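These notes are about the structure you will find just below.
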Amino acid sequence: MLLLAIGDFHIPDRASSIPAKFTKLLAPGDKIQQVLCLGNVCESPSTLEFLKGISPDFQMVKGEFDRDLSLPTSLVFNYDKLKIGLINGFNVIPNADPLSLLTQARLMNVDVLVSGGTHKIEAYTLDGKFFINPGSATGAFTTKAPSKADLEALNVDKNLAEDKEEDNDGKEDKDNKEREHQKQANEKTSEKPSPQTFKGETSNQVTPDEDDLDNINTDSLEQLDPIPSFCLLDIQGNVCTLYLYTCIDGDVKVDKVSYRKED
Amino acid sequence: MNQALDSKTLEDSLLIVKQQITLMRKCLESKNPQFMDALKHASTFLSELRTNKLSPKLYYELYVLVFDGLAYLSDFLKESHQTNHLADLYELVQYAGNIVPRLYLMITIGSVYMSIENAPKLEIMKDMLEMSAGVQDPIRGLFLRYYLSQKTKELLPTETESELKETIQFTITNFIEMNKLWVRLKHQGHSSERERRLKERKELQILVGSNLVRISQLDQIDKFYYKESILPKVLEQIVQCKDSLAQEYLLDVIIQVFPDEFHLLTLDDFLQSTLHLSEGFSMNKILVTLINRLIDFQKREPANVKVIISELSTLTLQKDEHEENHTEESDSETTKPQTSSNLFEKFYDYSHLLVENKPELNFKDLSLILEAICKLSLSYYPQDYENINKVFGFALALIHQTTQHLEIWEPLLKTPICYNFDPKLVLSLDDNYKQFASALPTAIQSANALYILEKFLEQDVRLSTVEEVKTLYELLAVWFTSEDSSDSNTNSLLFGTDSSKNEPDESPEVVSQYEALAKSIHLIHHTNPYKHFELLEIAKSFMSKSGSRVRYTYPTLLFAVIKLIRKLTIVQKLNALKLKQFCQFFSATNTELLTLVSNGTLQSEGGVLAQTCMNLNLSMALILDQSSHIDLSYEFFINSFVIYEESIVDSRLQFQCLLSIIGTLHKCRNIVNGNEDNFDVLISKTALYGSKLLKKTDQCRAVYLASHLWWIIEELDEEDEIESETAKTSEDELQVVIKTDNKKVLECLQKSLRIADSCLETNVSLELFVEILSRSLYFFIHGNELITIKYLNGLIELIQNSILTIGEENTSIDTPTKHFQRTLEYIRQQAQIDSRFEEIKDR
């Protein structure tokens, strides 16, 4: 039994289309028996039509940006020896928190929980249950702060970042993460990371002069956009083989993970 | 004549021919060939070709059999020409009684004679050609001449220039004569049989065309020879025959059989002659075929095309000079304007001549011709937009003369976008195009707009200047004006709103148009976010004209703004003043959307739109928090709350919205640290909203989920762990504590427990109890000191007692009981890895 898990399209709000390579892969046929859509299709009848064309068995839960109130917020399906749950993710608090997802899976009494919201494809096993996030099919923009690793890969303007390095009072405060954009250029990994506190720092916001604003190039930031992705689940007995599809620079990559439910 | 009779006649004739061929072969194959007898038999079967009872198709069958029979004769003659002197035989057959058999025999012998060395080829050719004039019946004559052409095709001499000339003369003369016979066929028979004649003539056309094919197969002719000596004669005959079937067919044959370079060089002659064709001739077919060939030629061999065009201009110049001044040849070449060699100009001028000279030409044909000219220009002069402007200027003038069948102009309208590889071309066209478009029916304009937009989206054409953005949306203008929202508004004022009837149920066309329109916002792009923002403002000025349909486009616009703020935050170029502009733009746009909800235009759809508005606000608040603009972030949270309070009415939506609020607040970092008081206001308010929800279950869940707002701990990603190895953390896991308030968390849990307890249905409260137990375990694992073993045991006891009270066998509590057991099982599992769990009682 082959299932498609796909979601967080945000068409047209944040993205215009699913990558052409994906639509080719997901051309109508009889291979995929059921489509599990995690919602946030938004206002795109054409996308819905495309999804419904993949398999006549189309299932969808409501995301916070879907405008169809009749959609359910969670669904459970029984296959052979596996129970699979479907939920968008905005309704799991804290969003995408593994322990919360585990609680949710226990509540729904499922072995496999498919959820979205983060636009980051991942799959892991926790306490005997399998958690799948197929990411965003379009690689739609997310309001989640970019991770530090991403920002470092950017390698942007060093000078501005260096100003921010002074405040190194050894407080060893833990929350350096949210200010990562202020020191993203610190790419010398040998250098000591410089955690900073937030408190009282708001006055230090970078407020460049207006004349400075004419020469900004943000093209390199496009690489921060999430990677388009979806998942295929192959269910055989108590085993779920998961294929993770990603589209990086127009090339489709497939990874494989397996989960076996312990009896 | 009916068909049965026809085929009977044919069968009879075929039988006779077969018999006579057999007899002829016997005579020829005997040891002592009876040649004269063989000729007699041949003459007999050839007499069958004298019939006038067969239709061309059946006559052709007969002809094929006869042809085979004569082939034996030819072969025999070839082998035995030593004994049978061919010149004598050629004279001899002249005495055959009937003209048809006589001429066939003559051609058979003549063609064998031609194949012999040192034969007087040219004389034989001439003689045969002249003699063929003896048959003037159209069908018989056509086949006889076809026979002549078939038998001589391999033998025509081409070694010397004069031979070649004769050969071409021979073929062209035969062509002209055949064409005359063919045209004459039109006038035969009763006028009531005209349809049938036309059909028969069509069956015969290939015989006439074969002569042109023959000429095209002569390797010795080059394009100049063709221009000088062949085309003029052929065209002259085509024009003179004044028969539209012949003209249409033969011009098509010319286009098909001769090479592209010939056409390119002779374009003027060709076009000129078409102006003199008879009425009823469908001009567009020929022209479109010709233009398509020229376009293919350009695609296939652009270098060759260039050479020919330059030759063409030299040729024209020389010609001009000859006319003006017979002495100087190459002196003034550079000063002469080169326009004469511009293909587009040729066709464009021609299209004007066409309109002047042929008033009967209909608009449908003209539109097809202009479409082809447009394609030609795009292919040969892809950068010359002025050409396209001219075409549309002309089309505009034409379209003003008529108001009927305007749909015929649709293909022309789409040509610039459909045919060009760069969709941006359409943005460079002048007003002619827009005026032409707007002169067409709305449905066509609308379809064209969608077509343009889809092309842009397909190729991800970025719009990065004010001009581009404006022009694109001007081309889509038809969408922004067609909605009559004012009507329905006045109605609703008068009659109130009737939700069942007045729902703005959009047609699928409109929905897909607006989906595409929203997507177009993603095409707008500028590397500088501030410039990008200006472009978005322009886009909005167009979108805002679409009444309630802004609900399809504004959310995209707003996300575009959010994305810009994110970008500026990362490059640290976020200017406070500019940010304020962004925020104002965002709020104003969002408010317009909300107005649609509050004024009731959207009825039931409105609630969900309000949810979108609120979520947009929350996204903005979160992005502003990330950019450390905590005061603005706070504003947007407050706005979200206002939307929640004022516009979210449906209880399901209220719950969903509250979850979004909790989820977003939980992701905030800077506002917690920067202004904790503000943050506390927000989260207390949120918890309060939770307790005020309509349904007890929603209340309970919202409140226990809100507890997370006092417990914000961030676990670092693996990647980040490596980064902060030196950072000391008390736990094994690397955590960042943003906010922990043990007491508030406990209070939330206690409150939710009270709500659960107050539920009337015991199975529902039981389920909620289990959920609260799960939530408490979460905080226990995370080390909330007030969520103690004692507290957990208390909860477990409460649940167990409830189950006992209701009775374990009661099926209504099946689901919560199982959920409880799964939770206990989880506790047992955890006890194996975490000793703290050991003290939790599970019975």
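Computed from a predicted structure; not experimentally measured. Every chain is numbered from 1 and lettered A, B, ... according to where its sequence line falls, protein lines coming before strand lines.
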Quiz prompt | Under 4.5 Å from a heavy atom of chain A, the part of Arg822(B) involved | solution = both
Quiz item: Distance under 6.0 Å and angle within 45° of the ring axis: does Arg701(B) meet both against Phe655(B)?
Solution: no
Exercise. Look at the rings of Tyr552(B) and Tyr514(B) and say which category their plane angle falls in: under 30° parallel, 30 to 60° tilted, over 60° perpendicular.
Key: tilted
Practice problem: For chain B, find which of Asn109(A), Thr103(A), Asn95(A) contributes the most heavy-atom pairs closer than 4.5 angstrom. | Solution: Asn109(A)
Quiz prompt | Selection from Asn675(B), Thr815(B), Leu653(B) maximising heavy-atom pairs under 4.5 Å formed with chain A | solution = Leu653(B)
Exercise. Could you tell me which residues satisfy salt bridge (charged side-chain N to carboxylate O under 4.0 Å, His left out) with Lys531(B), sequence neighbours excluded, listed by chain and number?
Key: none
Self-check item: cation_pi(Arg549(B), Tyr554(B)) dist<6.0 Å, angle<=45
Solution: no
Self-check item: Donor on one side chain, acceptor on other, Asn91(A) and Thr73(A), under 3.5 Å
Solution: no
Quiz item: Among Leu224(A), Asp97(A), Ile11(A), which residue forms the greatest number of heavy-atom pairs with chain B at distances under 4.5 Å?
Solution: Asp97(A)
Quiz item: Which heavy atom in Gln626(B) sits nearest to a heavy atom in Ala145(A), and how many Å separate them?
Solution: NE2-N, 3.1 Å
Quiz item: Tell me, side chain or backbone of Glu825(B) under 4.5 Å from chain A's heavy atoms, or both, or neither?
Solution: neither
Quiz item: For the candidates Gln829(B), Lys818(B), Arg775(B), which exhibits the highest count of non-hydrogen atom pairs separated by less than 4.5 Å from chain A?
Solution: Arg775(B)
Quiz item: Is it the side chain or the backbone of Ala20(A) that comes within 4.5 Å of chain B heavy atoms, both, or neither?
Solution: neither
Practice problem: Sort Asp650(B) into side chain, backbone, both or neither according to what part of it lies under 4.5 angstrom from a heavy atom of chain A. | Solution: side chain
Quiz item: Which bit of Glu515(B) is near chain A, if near means a heavy-atom gap under 4.5 Å: side chain, backbone, both or neither?
Solution: both
Self-check item: Heavy-atom contact with chain A under 4.5 Å, split by part of Leu622(B)
Solution: side chain
Quiz prompt | Region of Ser619(B) in contact with chain A, defined by heavy-atom distances below 4.5 Å | solution = both
Practice problem: For Asp225(A), enumerate each residue passing the side-chain hydrogen bond (donor to acceptor under 3.5 Å, both in side chains) test, keeping only those at least two apart in sequence or located in another chain. | Solution: none
Quiz item: chain B: which of Pro94(A), Cys42(A), Ala15(A) shares the most heavy-atom pairs with it under 4.5 Å?
Solution: Pro94(A)
Quiz item: Distance under 6.0 Å and angle within 45° of the ring axis: does Lys578(B) meet both against Phe533(B)?
Solution: no
Practice problem: Count the heavy-atom pairs under 4.5 Å between each of Glu43(A), Met108(A), Glu64(A), Glu222(A) and chain B, then report the option with the highest count. | Solution: Glu64(A)
Quiz prompt | Which portion of Leu618(B) sits near chain A, non-hydrogen atoms under 4.5 angstrom | solution = neither
Exercise. Report yes if the distance between the aromatic ring centroids of Phe779(B) and His708(B) is under 6.0 Å, otherwise no.
Key: yes
Exercise. Would you check if the distance from the ring center of Phe141(A) to the ring center of His119(A) is below 6.0 Å?
Key: no
Self-check item: Heavy-atom proximity to chain A below 4.5 Å, by part of His782(B)
Solution: side chain
Quiz prompt | Residue Leu568(B) versus chain A: region with a heavy atom under 4.5 Å | solution = side chain
